[in-house]
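Throughout, protein chains are lettered first and strands after them, A, B, ... in sequence-line order, and every chain is numbered starting at 1. Any value given below was found using the heavy atoms of this structure, including those in side chains, with hydrogens, waters and symmetry copies removed.
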Amino acid sequence: MAGFRLFDLNPEQDLAVRTINGPLLILAGAGTGKTRVITMRVGYLISEGVDPSNILAVTFTNKAATEMRERLLGLIGKDAAKKVTMSTFHALCVRILRSGIDRLGYKNNFSIYDEGDQMGLIKKIITRTAARDEKLDPNLAKNMISKAKNNGHRQPEPGQEQSLLGAVFAKYQAELKTLNAVDFDDLLLLAVQLLEEHEEVRQLWQKRFHYLMVDEFQDTNLLQLRLVMQLADARNNVAVVGDDDQSIYGWRGAEVTNILEFESHFANPTVVKLEQNYRSTNSILKTANKLIGNNPRRRPKSLWSAHNEGEKVRVIAMKDDRQEAEFVAEEIQRRQVTEDAKWEDFAILFRMNAQSRLIEQNLRARKIPYRVIGGKSFFDRREVKDLLAYASCVLNTDDDVSLLRIVNTPARGMGPSIVESAIEFSTKARCSVWKALQDEAFRAELPTRSYKAVAAFAELVDGYETRLNQPLADQPAILRALVEEVGYLEDLRRSCKTPEEGLSRETNVKDMLTAFEDYGKRASEGLRGFLDEMMLRQEKEEEKDEDSKGTGVTLITLHAAKGLEFPHVYLLGLEEGLLPHDRSKLEGTVDEERRLLYVGITRAMRTLAMTWCQHRIKFGSPAPCIVSSFLKELPPECLDQRSLGQLMNTPVAQESVKGRFDAMRALLEQK
DNA sequence: CGGTCTATAATTTTT
DNA sequence: TTATAGACCG
């Protein structure tokens with residue numbers, strides 16, 4: 001590719017882009033142009049003669065992958081960009097597994113279980129396994145199993161098999177295998193196993209990718225590291241980008257040590273630090289630097305900016321959470337007018353989702369448009385899951401969880417008693433429920449009516465399975481026909497309380513069917529591929545329709561805010577117990593809470609206000625709060641600390657003339 | 001069988 | 001306060 005130019009890169013960015021051979025660690029602080037460096041580097045690789053199809057860029061989220069693809073498209077053009085593999089860890093693992101999981105005793109048409117499916121299965125196993133006096137929180141079990149798997153364990157540790165948790169773990173794994181299903185953790189676990197244990201598979205993939213790039217490396221867990229190590233061949237062309245100071249997913253299994261001890265995983269890497277920040281004022285950056293400097297075990301970094309100091313970071317004490325919400329809403333409303341700002345320029349950050357409620361009320365009362373990021377997944381919707389379950393069930397009839405979900409939806413005479421006995425039979429015969437339903441020995445026990453219902457259901461599924469698997473089958477049409485034949489939409493409407501709800505659910509189903517048709521036009525993997533994509537894209541409600549983007553004030557948790565930036569940020573609830581959260585002290589993860597605040601602070605471009613309350617309503621009743629200990633770690637010279645009362649007494653005109661005078665007064669007030 | 005009542009617990013959530 | 005899960009009753 002002739003004429004590719006590296007423009008507007010600072011010396012460190014330039015080094016990161018030009019270092020193409022051997023391990024490379026890019027420590028990219030917040031707002032240092034990370035994505036730009038990654039895409040530029042891909043462009044540079046290609047300009048140096050690397051075949052784009054030999055490049056693999058891995059991200060955590062679909063959103064990041066999409067963004068990178070778009071940026072790359074603008075940089076190197078459609079043809080080359082399309083050949084670069086840009087994928088999430090999980091999607092990559094699906095690709096690896098679809099073409100080789102049979103070596104591990106699964107069938108290549110395996111189903112993918114999301115957390116809901118996983119939970120259902122675990123609950124079932126617990127009730128089946130636990131003795132009468134034993135209890136196990138399914139949620140806890142799920143987390144423990146997930147943690148174990150993310151540490152590379154496919155079964156309970158020796159000695160653990162006797163405990164209920166160990167037994168459940170073992171049974172869960174075994175059951176998944178008979179169901180020919182894998183959960184999200186398995187995708188990584190099994191892909192790593194496949195690569196580690198099967199030389200020929202490993203070589204195949206190593207031959208495929210010569211240059212690896214991993215984004216958000218601080219969030220990788222043990223398995224993801226192992227995956228990268230397996231994919232890297234002897235050339236070890238592994239470039240990772242990340243920031244240990246922004247590692248906030250330790251509780252989900254992320255290993256900060258992956259990035260802290262990069263040198264021990266990939267020998268003699270080039271290490272590049274990106275410290276020039278293009279996002280924030282120096283007041284904000286100094287505040288962030290000082291805070292994070294209190295963390296032990298980090299790669300020292302110090303963000304700086306060519307911007308000026310900017311306004312001081314405000315720290316405002318509130319009487320209570322009501323006042324806090326009122327203040328933020330009022331001020332945003334005022335600033336939107338007086339500072340000629342857009343609603344989109346403001347973001348309100350908090351530790352817990354519960355904190356957003358009061359804010360929402362206040363914003364609504366003032367008719368301020370806002371959007372709440374996070375919340376429930378689109379895929380948690382009943383009708384969406386039902387449709388996916390129908391599809392999954394027909395593609396992999398052994399998928400009990402999906403089968404049980406739709407076996408009597410809509411009602412077709414397959415009531416709980418039949419289902420119960422089918423499950424019982426399947427447990428005894430150690431087969432899937434589907435096999436049980438087909439087994440004459442099982443059917444023989446049933447009364448005539450039930451027998452007929454089972455036979456009809458079996459015929460239905462069987463028929464569609466055959467139709468779908470025919471070569472050149474018009475799969476979208478077949479899926480549509482299935483939905484039609486079972487009368488799903490009618491049943492859905494009937495089960496809804498209001499017509500509006502029914503309509504919205506119906507629309508969701510139709511949208512999915514349309515999405516499948518669209519998928520068929522751009523991909524060749526058929527319903528299986530579509531399902532994979534759906535399962536791995538557990539996107540949230542608000543991400544679904546693009547037009548909802550960019551409208552209004554953003555309400556978001558600190559976790560979800562990583563990677564985003566806003567001109568004006570309000571960071572709420574800087575209180576001991578909230579941030580750092582009480583639980584973090586118990587679990588000894590206060591460092592991570594500090595990083596969380598660090599992430600929050602570094603989201604702000606121009607102004608940042610942090611608030612804390614003397615009282616906050618917790619679980620219905622007001623509780624006294626004390627200011628977060630983190631606040632003492634911030635540099636006083638960058639702060640403008642006051643109580644709300646003091647703020648109100650400041651004339652509006654003076655407020656915009658912040659500077660020396662304010663600083664002096666703040667100093668005096670501190671005493 | 002399905003709806004309603006009551007006890008219980010209470011971060012964060014990329015796939 | 002509120003969400004949710006399991007118990008309980010019509």
Side-chain angles (χ1 to χ4, degrees), chain A residues 58-67 87-94 112-119 123 127 135 137-140 142-143 146 149-150 182-189 191 214-221 223-224 242 246-254 321 349-358 361 373-377 379-380 408 411 415-417 495 497 532-540 543 556-564 573 577-587 589 592-593 595-597 599-600 616-623:
Chain A
V58 193
T59 61
F60 273 82
T61 65
N62 295 296
K63 202 174 143 204
T66 310
E67 191 194 333
S87 164
T88 63
F89 273 105
H90 294 263
L92 175 68
C93 289
V94 171
I112 300 170
Y113 279 5
D114 68 15
E115 276 186 80
D117 302 326
Q118 187 185 13
M119 197 64 166
K123 275 184 189 163
T127 42
K135 257 193 259 150
D137 175 11
N139 213 26
L140 183 79
K142 191 198 74 179
N143 290 336
S146 179
K149 288 209 215 178
N150 279 312
V182 304
D183 63 22
F184 286 156
D185 299 323
D186 282 338
L187 288 174
L188 299 169
L189 186 65
V214 185
D215 192 14
E216 304 279 17
F217 194 69
Q218 78 281 354
D219 292 336
T220 51
N221 62 28
L223 285 175
Q224 286 157 336
Q246 293 186 73
S247 165
I248 55 175
Y249 284 103
W251 53 276
R252 260 181 132 278
D321 47 349
L349 275 52
F350 36 80
R351 178 68 232 262
M352 294 193 297
N353 287 120
Q355 288 174 262
S356 78
R357 176 160 284 132
L358 254 184
Q361 280 174 18
I373 309 284
K376 58 238 157 283
S377 170
F379 291 87
D380 285 341
N408 204 32
S417 60
S495 68
K497 287 199 185 83
D532 285 352
E533 204 173 283
M534 288 296 138
M535 296 308 289
L536 293 183
R537 214 179 57 199
Q538 302 273 319
E539 71 193 354
K540 300 287 187 278
E543 290 158 19
I556 191 168
T557 62
L558 289 162
H559 280 93
K562 183 157 70 82
L564 306 178
L578 242 193
L579 187 64
H581 195 277
D582 269 334
R583 212 140 142 177
S584 71
K585 291 176 207 166
L586 229 71
E587 293 166 4
T589 54
E592 186 155 306
E593 298 286 305
R595 292 194 289 261
L596 202 48
L597 177 56
V599 166
R616 180 180 294 278
I617 308 266
K618 280 175 185 162
F619 313 136
S621 48

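Counting all heavy atoms, side chain and backbone alike, A/Lys585 lies closest to A/Pro580 at CE-CG, 4.0 Å. For the residue pair A/Thr59 and A/Ala64, the shortest heavy atom distance occurs at CB-CB, 3.9 Å. Pairing each heavy atom of A/Ala623 with each of A/Lys618, the nearest pair is CB-CD, 4.3 Å.
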Practice item. Decide yes or no on side-chain contact (heavy atoms from CB on, under 4.5 Å) for A/Ile617 and A/Leu358, but give the supporting numbers first. Key: CA-CA 10 Å; A/Ile617 308 266; A/Leu358 254 184; 5.9 Å; no
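C/dA5 sits 23 Å from B/dT12 when the C1' atoms are compared, rounded to a whole Å. To the nearest whole angstrom, the two C1' atoms, one in B/dT11 and one in C/dG6, are 24 Å apart.
With rounding to whole Å, A/Met119 atom CE is found 14 Å from B/dT13 atom C1'. Put simply, CG on A/Asn143 is 18 Å from P on B/dT15, counting in whole angstrom units. The CD-C1' distance, from A/Gln246 to B/dT12, rounds to 16 Å in whole Å. Computed from coordinates, the A/Asp183 CG to B/dT13 P distance equals 21 Å when rounded to whole Å. In this structure, CD1 of A/Ile556 is placed 12 Å from C1' of B/dT14, rounded to the nearest angstrom. Distance, A/Asp219 CG to B/dT13 P: 13 Å, rounded to whole Å. If you take CZ of A/Arg583 and C1' of B/dA9, they are 11 Å apart, rounded to a whole angstrom. If you measure from atom NZ of A/Lys63 to atom P of B/dT14, you get 10 Å, rounded to the nearest angstrom.
Among the protein residues, A/Glu587 comes within range of the nucleic acid bases, having at least one heavy atom under 4.0 Å from a base atom. As judged by a 4.0 angstrom heavy-atom cut-off over every strand, A/Phe89 is placed among residues making no nucleic acid contact. Heavy atoms of A/Glu216 sit nowhere under 4.0 angstrom from any nucleic acid atom. Within 4.0 Å of A/Glu533, counting heavy atoms only, lies no atom of the nucleic acid at all.
For A/His559, counting side-chain heavy atoms from C-beta on, the closest listed nucleotide (B/dT14, B/dT13, B/dT15) is B/dT13. Nearest nucleotide to the side chain of A/Trp251, out of B/dT11, B/dT13, B/dT14: B/dT13.
Nucleotides of DNA chain B nearest to A/Gly415 and A/Thr589 differ in position, and the one nearer the 5' end is that of A/Gly415. Comparing A/Tyr249 and A/Asn408, the nucleotide of DNA chain B nearest to each residue sits closer to the 5' end for A/Asn408.
Side-chain N/O atoms of A/Asn353 include none lying less than 4.0 angstrom from OP1 or OP2 on B/dT11. For B/dT14, the OP1/OP2 oxygens have no side-chain nitrogen or oxygen of A/Asn62 closer than 4.0 Å.
Partners of A/His559 according to the ring-ring contact (aromatic ring centres under 6.0 Å, His included) rule, which considers only residues two or more places apart in sequence or in another chain, are A/Tyr249, A/Trp251. Taking A/Glu115 as the reference, A/Gln118, A/Lys142, A/Arg252 meet the side chain to side chain contact (heavy atoms under 4.5 Å, CB included) condition, with sequence neighbours excluded.
Between A/His90 and B/dT15, no base-stacking contact is recorded for ring centres under 5.5 Å apart and planes less than 30° from parallel.
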Revision key, fill the gap. Whether each nucleotide of nucleotides 1-10 of chain C has a protein heavy atom under 4.0 Å at its base (B), only at its sugar-phosphate (S) or at neither (-) is summarised, 5' to 3', as BSS-------
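Distance check, rounded to the nearest 0.5 Å: CD1 of A/Ile248 to OG1 of A/Thr557 gives 8.0 Å. Expressed to the nearest 0.5 Å, how far CG of A/Leu223 lies from CZ of A/Phe89 amounts to 10.5 Å.
In this structure B/dT11 sits in the syn conformation; its chi angle is within 90° of 0.
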